[in-house]
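Here's the structure, in structure tokens; my notes come after.
These numbers come from a predicted model, not from an experiment. Naming: A, B, ... by sequence-line order, numbering from 1 per chain.
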Amino acid sequence: MDGWVSNMANMISGASSPLYHSRRRKNVITMLLAYFATGFGLIWLGLILGVLFYQGFSGLSLRVFTEMTPPPGASGGLLNPIMGSLVMTFLAVLIGTPLGILAGTYLAEYGRFEKLSTIVRFINDILLSAPSIVIGLFVYEIMVATMGHFSGWAGAVALSVIVIPVVVRTTEDMLTLVPDTLREAAASIGLPRSLMIRKVAYRAARAGMITGVLLAIARISGETAPLLFTALNNQFWSSNMNAPVASLPVVIFQFALSPYKDWQELAWTGALIITLAVLTLSIVARFLGAQSKKS
Amino acid sequence: MNSSGDRPVVDVAFQSSAAVSVAEKVDRAKVLQKLRLGDTIFRHVTRLAAITVLVILSGIIGSLIYGSIPALEKFGFNFLITESWNPVTEQFGAMSPIYGTIMTSLIAMLIAVPVGLFIALFLTELCPMWLRRPIGIAIELLAGIPSIIYGIWGLFVFAPFLQQHVQPFLISAFGDIPVLSTLFAGPPYGIGVLTAGLILAIMVLPFITSISRDVFEAVPPVLKEAAYGLGCTTWEVARYVVLPFTRVGVIGGVMLALGRALGETMAVTFVIGNAHRISGSIMAPGTTISATIANEFTEAVGDIYTSSLITLGLILFVITFIVLAFARLMLMRLNGRLGQ
């Protein structure tokens, strides 16, 4: 009788059945795997940033920001690629942001439920993750090949093609978050639709839209592939956007693969500068994004 | 009466009260007219901008096709199945770059998919609340690091490490096992298909993690609680409730990551070795489509050479387009279902 009772209790609690043990074991193993996976994922961030700071900081000095790229064996800085990157990024944002915001406006405001919008949304999402080297080829074909020479303009256009989908996406998302009651309130006092969008919807979505632009800048400041055969590279200072222009990522690419020690060191320093810029931008963007969600 | 786009403008008092306060009918009509015109213009400008997105895509496809005509005329379909890549004799084939692209992405996905899913599981089920945000942000920072950083790190740190510590071990460990011995045949170069695949795995890990975390979080708590209530373990809930429920989203995320891996250029270019041959060993140097273009495009002389590289770009774009389109369709299906 006693045995039966304890058997029953075991069956209910299942504490000693082989099935219970195997299920428990499986659970413990997989949960350990989950911990390991997370550690595995985080280790890389630490390793990459660690090496980058270690290698990059030793070469970081004022000279990096004031001198031109050196010939092999000489000392120098990264002034011309830094300027080139800044100018091309600025131009790319100048071209890409208005277009992106307008397209995002159409998707969220005028054509939210139209067929055209569904197609544009789909294509935009694909462009968002399209290989950037293909964008480089595209701009090479339409600008470099037709104009007959590499140029900073071509580089800026290539980067702007990457900016547009990012801005379209965030603008649409942020405008969709604006409550319709705001729009209706604006319409009820007789505001024309275009004014409603510009004075009410944009204002409500502003923080989010700025986040989008910052994310786009973060995205293009490290892009190398689209610049390789549009802006090419330039050993010297050039303010002529119609000629090849040096950019930080391309110089890193060239210097890192070179056999010269000085060049490799500069490449590490450049890599550190880019990473710091990108991480700062994405942290600011995240902060802004969190704020816009709160309000 | 009017379509939703051009509703008649009702009043402009809000806009410029000074002009209308006089209430002269003519002025009022003029202002209204102007506003209506502005409205129409703005509407059409935004529409035009939206269409620009489509123009860019067709521009990419069109220019790639146009650029690849010379190569396609010369090689035809054989371009796809020829292995040789010889700039001197101008004989080009896409076989080895395609093989390298698929192989590196395959290695990347084999590692990143399980690891990414387990991290997402950790973040949604196991991780204490206060730690979720920091870890989530850290994983996303990993996604924000530019690919050239992965490249320079891979070349100077990761590849030497693999060469000295991991690859000799792999060669000796799998040396006697039939299939694996060819797959891991030496010598340990450090750079090669395996290294590129591993770096790609690190790069796409954040994409898989953040999308699967998002879809895991979208599982209704009631479903999970019901399973827990039946006495399921955490693993059983994840395996038999969460994963089936989120399958579409997870597949979408994986395809999105695959699209990234296929098209990734700089990180791979640094560590793949740029060798145009198909080797049985995944430790041997190889090349991918994107690495070939990045390495050779500026040095390419002659129409056929350039055109062959553009054809490679076209092939890459078509492959990634299909993969990404599939990914988006999956994610759209998911959103449709969650919206119900």
**Message:** I need the contact set between residues 150-157 of chain B and chain A: heavy-atom distance under 4.5 Å, sorted by residue number.
**Reply:** Tyr150(B), Ile152(B), Trp153(B), Leu155(B), Phe156(B), Val157(B)
Between [X] and chain A, with a heavy-atom cut-off of 4.5 Å, which part of the residue counts as in contact: side chain, backbone, both or neither?
{"X": "Thr320(B)", "answer": "side chain"}
{"X": "Leu205(B)", "answer": "side chain"}
{"X": "Leu256(B)", "answer": "side chain"}
{"X": "Leu142(B)", "answer": "both"}
{"X": "Thr234(B)", "answer": "both"}
{"X": "Ile202(B)", "answer": "side chain"}

Proximal component of [X], with respect to chain B [non-hydrogen, under 4.5 Å]:
{"X": "Leu228(A)", "result": "both"}
{"X": "Phe40(A)", "result": "side chain"}
{"X": "Thr30(A)", "result": "both"}
{"X": "Leu99(A)", "result": "both"}
{"X": "Ala271(A)", "result": "both"}

**Prompt:** When you look at Glu141(A) and Ile310(B), which way does the side chain to side chain contact (heavy atoms under 4.5 Å, CB included) test go after all the steps?
**Reply:** CA-CA 9 Å; Glu141(A) 280 285 299; Ile310(B) 293 176; 3.1 Å; yes
**Message:** Just so I understand: if I count every heavy-atom pair under 4.5 Å between each of Leu42(A), Leu49(A), Leu272(A), Ile164(A) and chain B, which residue has the most?
**Reply:**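 Most pairs with chain B among the choices: Leu42(A).
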**Complete:** Quick note, salt bridge (Lys or Arg N to Asp or Glu O under 4.0 Å) partners involving residues 99-113 of chain A, not counting sequence neighbours, are Glu109(A)-Arg183(A)
**Message:** Can you classify the ring geometry of Phe297(B) versus Tyr140(A) as parallel (below 30°), tilted (30 to 60°) or perpendicular (above 60°)?
**Reply:**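 Aromatic pair Phe297(B)/Tyr140(A) classed perpendicular.
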**Asked** side-chain hydrogen bond (donor to acceptor under 3.5 Å, both in side chains): which pairs involve residues 256-265 of chain B, sequence neighbours left out?
**Response** Ser147(B)-Glu264(B)
**Request:** With sequence neighbours excluded, tell me which residues meet side chain to side chain donor-acceptor pair (under 3.5 Å) with Arg47(B).
**Result:** Tyr106(A)
**Request:** Could you tell me whether the side chain of Leu54(B) reaches within less than 4.5 Å of the side chain of Leu116(A), counting heavy atoms only?
**Result:**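 The answer is yes, as the side chains (C-beta and beyond) meet within the 4.5 Å cut-off.
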**Candidates Ile126(A), Leu127(A), Val134(A) - the one meeting side chain to side chain contact (heavy atoms under 4.5 Å, CB included) with Phe321(B)** =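 Of the listed options, the one satisfying the test is Ile126(A).
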